[in-house]
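To find a chain, count down the sequence lines: A is the first, B the second, and so on, and within it residues start at 1. We use all heavy atoms of the structure for the numbers below, so side chains are in, but hydrogens, waters and symmetry mates are not.
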2 protein chains.
Amino acid sequence: MRPLEVTKREEEYLEAMYILHKNKGVIRVKDIAKIMNVKPPSVVDALKKLAEKGLVEYEKYDRILLTEAGRKIAEETYSKHVFLTKFFVDILGIPPEIAEHDACQFEHYVSEVTVKRMKEFAKFIQEQCPYVLKQFLKEKLEE
Amino acid sequence: MRPLEVTKREEEYLEAMYILHKNKGVIRVKDIAKIMNVKPPSVVDALKKLAEKGLVEYEKYDRILLTEAGRKIAEETYSKHVFLTKFFVDILGIPPEIAEHDACQFEHYVSEVTVKRMKEFAKFIQEQCPYVLKQFLKEKLEE
DNA sequence: TAAAGGTTTTTGGCAACCCTAACACGGTGA
DNA sequence: TCACCGTGTTAGGGTTGCCAAAAACCTTTA
């Protein structure tokens, strides 16, 4: 199997499907469309492409599932998403909605090195100077 | 004049042109192509679009210039680029090349709020616990 | 000044994504 | 069981961006 190239957009579709599966159990075209903010035909296009790449199990009118490979990509992306959002909120004190928005884009580009380093940084700061961090986050609320 | 929509890619073209103008004085198709990692015809396509949007002065075979509006967008993007790279390197201790790469993407998506907050954070940490920061950055070098 | 060589532009095409309109499917209620 | 209605799919098109090949341009040099 070739080094499948997954576009940013495809990664987003996989992540949406992963979240749906996690939360609702079933993955439906309509729900993917809502999350992705597109119309159903676009979802079908995407599903066909993803199926060709072996990332999704898809037969028309049948149930939709992520394959092992697809799930892996989705999970990696999703975990970056969760972490980045948390970092923006807990360390930088960014409003959750904005943090969410920024994380949602950055998650598709950020390198592993950077994520790892951000994790180490968060841990380090929270352990070494929790008081200073608290002070920083407090100042913001007072503005 | 309408709220011109500038795509991420167009923003990148503008930034490339801005940098060329800043460093070399002249902006040439060939050089834009090299920076953008595309072939010359793609650059010409982009220039036409940008000219239509009033962001670039472009007449074929003539010199290429950013308009005031184009320069403004480029400058904003570029300054985010510079800051984000600096943040990744100076605060998180990420290798310059990787910092550059990540900044190069994030700069097109990051919200103003987040940039502002990152700046405040950098300042705060550097002033309030410079020693802890130094220690964090040192540890990384030792791995 | 004319040919050479590099640069720029045009042409024609391809891939990723998205949409509207129309059609197919399938579960539900009368 | 059949008509209905929501959901899913196809058909047909549009935009953005990119490319290779070939044509146009311009500068430089013989």
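For B/S42, no side-chain nitrogen or oxygen approaches OP1 or OP2 of D/dG17 to under 4.0 Å.
The CD-C1' distance, from B/E52 to D/dG17, rounds to 15 Å in whole Å. Computed from coordinates, the B/K49 NZ to D/dT15 P distance equals 10 Å when rounded to whole Å. The interatomic distance linking B/N37 (CG) with D/dG17 (P) rounds to 16 Å, in whole Å. Taking atom NZ of residue A/K34 and atom P of nucleotide D/dG6, one finds them 15 Å apart after rounding to whole Å.
In the region residues 9-16 of chain B, proximity to DNA chain C at under 4.0 angstrom, judged on heavy atoms, holds for none of the residues.
Scored by the ring-ring contact (aromatic ring centres under 6.0 Å, His included) test, A/F106 finds B/F106 as partners (sequence neighbours excluded). Scanning for salt bridge (Lys or Arg N to Asp or Glu O under 4.0 Å) contacts around B/K72 gives B/E76, with sequence neighbours left out. Every residue two or more places apart in sequence or in another chain was checked for a ring-ring contact (aromatic ring centres under 6.0 Å, His included) with B/Y58, and none qualifies. Applying the side-chain hydrogen bond (donor to acceptor under 3.5 Å, both in side chains) test to A/E97 and every residue at least two apart in sequence or in another chain returns nothing. A/F88 pairs by the ring-ring contact (aromatic ring centres under 6.0 Å, His included) definition with nothing, not counting sequence neighbours. By the salt bridge (Lys or Arg N to Asp or Glu O under 4.0 Å) test, A/D102 pairs with no residue at all, sequence neighbours left out.
B/H108 pairs in a side-chain hydrogen bond (donor to acceptor under 3.5 Å, both in side chains) with only one of the listed residues (B/K8, B/K80, B/E11), which is B/E11.
Applying the salt bridge (Lys or Arg N to Asp or Glu O under 4.0 Å) test to residues at least two apart or on different chains, the pairs with a partner in residues 56-68 of chain A are A/E68-A/R71. Residue pairs meeting the ring-ring contact (aromatic ring centres under 6.0 Å, His included) criterion with at least one member in residues 18-57 of chain B, sequence neighbours excluded: B/Y18-B/Y78. Residue pairs meeting the salt bridge (Lys or Arg N to Asp or Glu O under 4.0 Å) criterion with at least one member in residues 15-27 of chain A, sequence neighbours excluded: A/K24-A/D31.
Between A/M36 and B/K30, the residue whose closest nucleotide on DNA chain C is further toward the 5' end is B/K30.
Using cut-offs of 30° and 60° for the angle between ring planes, the A/Y109 and B/Y109 rings count as parallel.
Read 5' to 3', the first and last nucleotides of DNA chain C with an atom closer than 4.0 Å to a heavy atom of chain B are C/dT7 to C/dT10.
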Study note, to complete from the structure: Scoring nucleotides 9-14 of chain D by protein non-hydrogen atoms under 4.0 Å (B base, S sugar-phosphate only, - none) yields BB----
